[in-house]
Protein chains: 2
Amino acid sequence: MDNKELFHQAVSFITAVHQVTFDMTKDFELGDITPVQYGMLEYIAVSQPVTLSEISECKHISMPNTSRELKKLTDRGLCEKFDAPEDKRKQYIRLSAVGQSFMNAAFAHMEKEFQYRLRHSTEADLKRIAEAMQVLQESLFQEGFKSGGA
Amino acid sequence: MDNKELFHQAVSFITAVHQVTFDMTKDFELGDITPVQYGMLEYIAVSQPVTLSEISECKHISMPNTSRELKKLTDRGLCEKFDAPEDKRKQYIRLSAVGQSFMNAAFAHMEKEFQYRLRHSTEADLKRIAEAMQVLQESLFQEGFKSGGA
DNA sequence: TAAGTTAGTTGTCAAATGATAATTATTAAA
DNA sequence: TTTAATAATTATCATTTGACAACTAACTTA
């Protein structure tokens, strides 16, 4: 197996994933929520409850900017903060009922596009897809380890 | 196979791909090239020669903004325009020698991170990874078709 | 308890990006 | 041959995003 060739394949693959992800989400109406704010909401939805620091680190947004954007979201009633019992400096963030239903709609939209793409897939196809994702997520796209590291 | 469950797996997978892609590229020194400009260069590198319209459509940047950002890149000597012989309105864009070596460095950096992630993989592993990417790119992450369509 | 560290906030500034209108030149269609 | 459509440019403006400094409060460690 030529590693160089595998790398080229990976570049093409990653490009396709980005492209398809964009296509699957692009016609969901964000209203006056900005892309960065939506990214934060998505992260909160999946990982709630989360702290501000966690959002900041995972979404690669500085603490001041995270704080600012999150404030806009809470002001709009999309998420809620509550004090961490174990550490009074910390605040946990979760979606409000409104925020939850907004994100439910977003995910429903994504899932519709997703199911459309798989409309002609057989049971065997779906199984192969699930296995393929698992293979990649356990190797190339495994998270939580660094190379050079800063 | 539960489609709902597969969707959740896909969300997790896509998140991992985005995360790892970011990690693999983040410590490459962009100098004073902005992220959007880098995205354009990457697209040109892979698909050259390309027209302005193609960049605009594929990178989802309006024509005026594409034109503006591309002008900055050509002014810096990173890419070159040349007239399309078949249509005098069109201009093809390709990387200059300088732009080419910049992108070579960028890809080399990515590849280094890539190979590091696969450093413990056996021949059999690499084969499974290649096959997995192929499976997904032929199904879920197939490009060039739309659902609702605008 | 003093000093240092962590979590988060507020304010301000500059740069990057997105959006729109108006324009030229060229090609395609009626 | 007028008309409409396409490819690209320029100019302008508003918004978004990123970066930095200064700050408070709470926690940790020596």
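Note: hydrogens, waters and symmetry copies are ignored here, and every other heavy atom, side chains too, is used. Just so we're on the same page: letters track the sequence lines, and every chain starts at 1.
- Taking atom CG on A:L30 and atom P on C:dG18, their separation rounds to 14 Å, with Å as the unit.
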Hey, what are the protein-to-nucleotides 10-16 of chain D N/O distances that come in under 3.5 Å?
none

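- A:K59 has its NZ atom 14 Å from the C1' atom of D:dT17, to the nearest Å.
- Nucleic acid contact for A:T51: sugar-phosphate only, since backbone atoms but no base atoms lie under 4.0 Å from a heavy atom of the residue.
- One atom, CD1 of A:I61, and another, P of D:dC20, lie 16 Å apart when rounded to the nearest Å.
- Rounded to whole Å, the distance from CZ on A:F82 to P on C:dG8 is 12 Å.
- Contact between B:K59 and B:M40 at its shortest, heavy atoms only, is CE-N, 4.3 Å.
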request  = Carefully, step by step, assess A:K4 and B:E111 under the rule side chain to side chain contact (heavy atoms under 4.5 Å, CB included).
outcome  = CA-CA 8 Å; A:K4 214 95 183 173; B:E111 187 173 355; 3.5 Å; yes

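- Non-hydrogen atoms lying under 4.0 Å from DNA chain C are contributed by B:D87, B:K88, B:R89, all within residues 87-96 of chain B.
- Taking atom OH of A:Y38 as the reference point, atom P of D:dT17 lies 14 Å away to the nearest angstrom.
- In this structure, the separation between CD on B:Q48 and CD on B:E80 is 9.5 Å, given to the nearest 0.5 Å.
- Atom-to-atom, CD of B:E54 to C1' of D:dA7 comes out at 12 Å; the value is rounded to the nearest Å.
- The environment of NZ in A:K71 is sparse: at most 12 heavy-atom neighbours from other residues, nucleotides or ligands sit within 6.0 Å.
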query = Would B:L126 and B:L118 count as a side chain to side chain contact (heavy atoms under 4.5 Å, CB included) if you check the C-alpha gap in whole Å, the side-chain angles of each, and the deciding distance to 0.1 Å?
reply = CA-CA 8 Å; B:L126 299 181; B:L118 296 181; 3.9 Å; yes

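- In this structure, CD1 of A:I55 is placed 14 Å from P of C:dA7, rounded to the nearest angstrom.
- Between B:F22 and A:H60, the ring planes lie parallel to each other; the angle is under 30°, not in the 30° to 60° tilted range.
- Between the side chains of A:E54 and A:S47, no donor-acceptor pair of N or O atoms lies under 3.5 Å.
- Within 6.0 Å of CD in B:E5 there are 12 or fewer heavy atoms belonging to other residues, nucleotides or ligands.
- Separating the CG atom of A:L70 from the P atom of D:dT17 is a distance of 14 Å, rounded to the nearest angstrom.
- For the pair B:F107/B:V46, a side-chain contact is recorded, criterion being any heavy-atom separation below 4.5 Å from C-beta on.
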